[in-house]
Amino acid sequence: MMLERAIVIGSGAGGLVAARELQKKYMVTIIEEGGPFYPYTSGIGLMEGLKKTGMFFSEKQLKVINPAIRVLKTRPDGIVVIKGVGLGGSTPLSTGCFVRMDDELKRLGLDLDIELNELLNEIPISTQNEKQWRPITRKMFDICNEMDLNPQPLPRMANGLLCRQCGQCMFGCPFGAKWDTRHFLPYANALGAKLVNWCRVEEIKIEDGRAIGVIAKSGWSKKFFPADLVILAAGGLGTPIILKNSGIEMEPSLYINPIQCVAAEIKDSFQVNEVQIPFVVQKEFFQIAPYFDYVSFFFNSRWKYKARNIVSLMVQILDSQEGEVTEKGINKALGKNESNRLKEGISLGMEILKKMGVEEEKIFTGTLTAWTPGGMMALDEKSIKELHLPQLPENVYITDATILPRSLSNFPLFTIMALAKRIAKICLNKII
Ligand SMILES: Cc1cc2nc3c(=O)[nH]c(=O)nc-3n(C[C@H](O)[C@H](O)[C@H](O)COP(=O)(O)OP(=O)(O)OC[C@H]3O[C@@H](n4cnc5c(N)ncnc54)[C@H](O)[C@@H]3O)c2cc1C
Ligand code: SF4
């Protein structure tokens, strides 16, 4: 019997998880815009040296440190949005914080316990890093406790014993400690899945309401890949563009969850040499966590101190769902509510720093950034059962952050992977 052909677009969180599942019954081809991922291995010393030469002037130059990093800037506010392009998508850049955030899906009627438990059996989860916290982090944690902020240490998707606390999670792990979805590729390959690198899907070809394949560009040439099933996993910024090119309209409901850091000089604190986001304080509309902000360190003139002497807290807000991504870029304005949430978070961060002995005048803020875009076609009560959006042809599914409701979007990785697993199972049972 001829196997049905499935095309998976993108090899990030939602892509490789789905590919691996689908390979059980489909002939899977994963089409990936980028190439293999290599971590940056040279350490902060070299980066600081490069910074001193004055060669860093635009955030887009983060590519110099790791070519898998892509930076887009929102209009009109110029928020720096970071994503990964290449094998593993944004997951090799992620700080690897493992947070289960599926309450909203449960409320909508979806129980992902089985998939989440399956993932927990496959992915190493470590709580080891708490034992390795630097004194500065322990002090911040204790202060947050004294302030009744209920700080929570964060487990990581990592082999904690291999972690050397280099603090470079967002440039890829040079010691192989951090887990990312590239680990699923050999399993998918072993079952026959094929990976096509350096190939950008432009549109889904639809005939009589069904997808018949995708058109992709590789170098100068275009190629048609026939398919019986298309899985869109090009990420919260990639999938909407493919949908638009395919004539499928969406609401302008993009969230990005902006981040701003609040920081100070504290001599020999060495926060830079520690795993990023060791703990988090969750508030209703924002979260706050220790986080050395490389974007501000390289490109923001207020961050003029040596890396080892900077202590920084990130404030990440829950965003509005107003905005869109197009081929030309991201249109997204920071609304009044979001500005107020940021202000509230920053002033809490300042309180924490002041309790650590920093004078208020010496506190400085960082550049507005973001790295959890999604929501352009979020799941709702109607689509939660089938996990299929009615705007899509019946043989097209989305398994990335595009379908994630906003309230789950602060640490979305684990939920995206569980959703991708469930959707792949639905496709396996149906053989569409
Ligand atoms: C610096 C950073 C730190 C983060 N830290 C955490 C964390 O600690 N915890 C957490 O839960 N989340 C974290 N995240 C977020 C998390 O990594 C993302 O939310 C998640 O990877 C999104 O998964 P996705 O499948 O939607 O997209 P991605 O993982 O981004 O994958 C999309 C893939 O599609 C490919 N692609 C795009 N367009 C096309 C096209 N047209 N054709 C072919 N391929 C295409 C891309 O190259 C990419 O491989 C972090 C992200 C970043 C950038
Ligand atoms: S801090 Fe640990 S997990 Fe992060 S990159 Fe360094 S060794 Fe890897």
Side-chain angles (χ1 to χ4, degrees), residues 7-18 30-35 37 39-41 62 68-71 81-101 126 128-129 132 154 156-160 162-182 196-203 214 216-217 232-242 245 257 259 273-278 280 289 291 294-295 369-374 398-404 408-417 419-420:
I7 296 285
V8 175
I9 308 170
S11 67
L16 278 179
V17 173
I30 307 152
I31 305 182
E32 169 52 55
E33 179 178 0
F37 179 90
Y40 170 81
T41 53
L62 280 170
I69 300 180
R70 286 293 180 288
V71 166
V81 184
I82 299 168
K83 66 170 190 166
V85 172
L87 199 54
S90 303
T91 68
L93 308 177
S94 123
T95 41
C97 297
F98 158 73
V99 184
R100 184 173 172 168
M101 291 195 91
S126 166
Q128 185 77 14
N129 77 87
Q132 298 166 313
L154 285 180
R156 339 286 305 180
M157 297 182 216
N159 179 343
L162 296 179
C163 174
R164 308 247 193 110
Q165 298 287 318
C166 72
Q168 289 172 206
C169 304
M170 84 160 272
F171 300 116
C173 181
F175 301 106
K178 206 175 59 168
W179 185 93
D180 61 64
T181 47
R182 287 176 302 154
V196 182
N197 266 327
W198 305 114
C199 191
R200 183 170 201 266
V201 172
E202 292 190 328
E203 66 173 293
V214 304
K217 203 168 173 196
L232 275 152
L237 299 175
T239 288
I241 292 175
I242 299 170
N245 290 346
N257 300 325
I259 294 170
N273 294 125
E274 185 174 69
V275 76
Q276 294 180 300
I277 321 186
V280 71
Y291 176 75
Y294 284 100
V295 175
T369 57
W371 29 257
T372 51
I398 303 174
T399 63
D400 62 28
T402 309
I403 56 168
L404 212 59
L408 314 176
S409 57
N410 273 348
F411 288 110
L413 204 39
F414 211 58
T415 319
I416 294 171
M417 291 195 289
L419 270 172

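Just so you know, ligand 1 is whichever comes first in the structure, and atom 1 is the first atom listed for that ligand.
- Distances under 2.8 Å from atom 2 (Fe) of ligand 2 pick out the protein N/O/S atoms Cys163 SG.
- Protein heavy atom closest to atom 31 (O) of ligand 1, with residue, atom name and distance, is Gly12 CA, 3.3 Å.
- For the atom pair Ile82 CD1 and Tyr294 OH, the distance stands at 12.5 Å (nearest 0.5 Å).
- Taking atom 13 (C) of ligand 1 as the reference point, the nearest protein heavy-atom neighbour is Ser94 CB, 3.9 Å.
- Closest to atom 48 (C) of ligand 1, if we only count protein heavy atoms, is Gly89 CA, 3.4 Å.
- Between Leu93 and ligand 1, a contact under 3.5 Å exists for no N or O pair.
- Polar contact check, Pro412 against ligand 1: a nitrogen or oxygen pair lies under 3.5 Å apart.
- To the nearest 0.5 Å, atoms OG (Ser94) and NZ (Lys178) are separated by 5.0 Å.
- The shortest N or O to N or O distance between Arg200 and ligand 1 is not below 3.5 Å.
- Side chain of Ser90 to main chain of Gly84: a donor-acceptor pair is present (N/O by atom type, distance under 3.5 Å, no hydrogens or angles).
- The protein heavy atom nearest to atom 41 (N) of ligand 1 is Val201 O, 3.0 Å.
- Checked by atom type and distance alone, the side chain of Gln165 never pairs as donor or acceptor with a backbone atom of Asn273 at under 3.5 Å.
- The Ile31 neighbourhood of ligand 1 comprises atoms 43 (C), 44 (N), with distances under 4.0 Å to a heavy atom of that residue.
- Closest protein heavy atom to atom 24 (P) of ligand 1: Asp400 CB, 3.8 Å.
- Of the heavy atoms in Ala216, none comes closer than 4.0 Å to ligand 1.
- For ligand 1 and Ile82, the ligand atoms under 4.0 Å from any heavy atom of the residue are 53 (C).
- The Gly84 neighbourhood of ligand 1 comprises atoms 46 (C), 47 (O), 48 (C), with distances under 4.0 Å to a heavy atom of that residue.
- Close approach of ligand 1 to Ser11 (heavy-atom distance below 4.0 Å) involves ligand atoms 33 (C), 49 (O).
- The Ile9 neighbourhood of ligand 1 comprises atoms 42 (N), 43 (C), with distances under 4.0 Å to a heavy atom of that residue.
- Within ligand 1, the atoms closer than 4.0 Å to a non-hydrogen atom of Val85 are 47 (O), numbered from 1 in the order shown.
- Among Glu33, Met417, Glu32, the residue whose heavy atom lies closest to atom 47 (O) of ligand 1 is Glu32.
- Tyr40 places a side-chain heavy atom less than 4.5 Å from the side chain of Gln168.
- Considering backbone and side-chain atoms together, Gly14 places an N or O closer than 3.5 Å to an N or O of ligand 1.
- At the top of the distance list for atom 27 (O) of ligand 1, counting protein heavy atoms only, stands Gly235 CA, 3.4 Å.
- Ring-plane geometry between Phe98 and Phe414 is classed as perpendicular, the angle between the planes exceeding 60 degrees on a 0 to 90 degree scale with a lower cut at 30.
- Here the heavy atom of the protein found nearest to atom 9 (N) of ligand 1 is Cys97 O, 3.2 Å.
- Of the listed options Leu419, Leu413, Ile277, Val196, Leu413 places a heavy atom closest to atom 10 (C) of ligand 1.
- Across Ala13, Gly15, Gly96, heavy-atom proximity to atom 23 (O) of ligand 1 is greatest for Ala13.
- Per-residue contacts place Gly10 under 4.0 angstrom from the following atoms of ligand 1 (heavy atoms of the residue considered): 33 (C), 34 (O), 35 (C), 44 (N).
- Atom numbering of ligand 1 starts at 1 in the shown order; those under 4.0 Å from a heavy atom of Ala233 are 32 (C), 33 (C), 34 (O).
- On a distance-only criterion, Tyr291 and ligand 1 share no N/O pair closer than 3.5 Å.
- Ranking the protein heavy atoms by distance from atom 52 (C) of ligand 1 puts Trp371 CB, 3.5 Å first.
- For a threshold of 3.5 Å applied to N or O pairs, the pair formed by Ser90 and ligand 1 contains at least one separation below that value.
- Below 3.5 Å of separation, one finds an N or O of Ala401 facing an N or O of ligand 1.
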### Query
Taking it one step at a time, do Met417 and Thr181 satisfy side-chain contact (heavy atoms from CB on, under 4.5 Å)?
CA-CA 9 Å; Met417 291 195 289; Thr181 47; 3.8 Å; yes
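- Under the 3.5 Å distance criterion, with hydrogens and angles disregarded, a donor-acceptor pair is assigned to the side chains of Ser11 and Glu32.
- Residue Phe37 is tested with Leu93, Asp180, Thr91 for a side chain to side chain contact (heavy atoms under 4.5 Å, CB included); the sole match is Leu93.
- Here's the thing with Thr95: one of its N/O atoms is less than 3.5 angstrom from an N/O atom of ligand 1.
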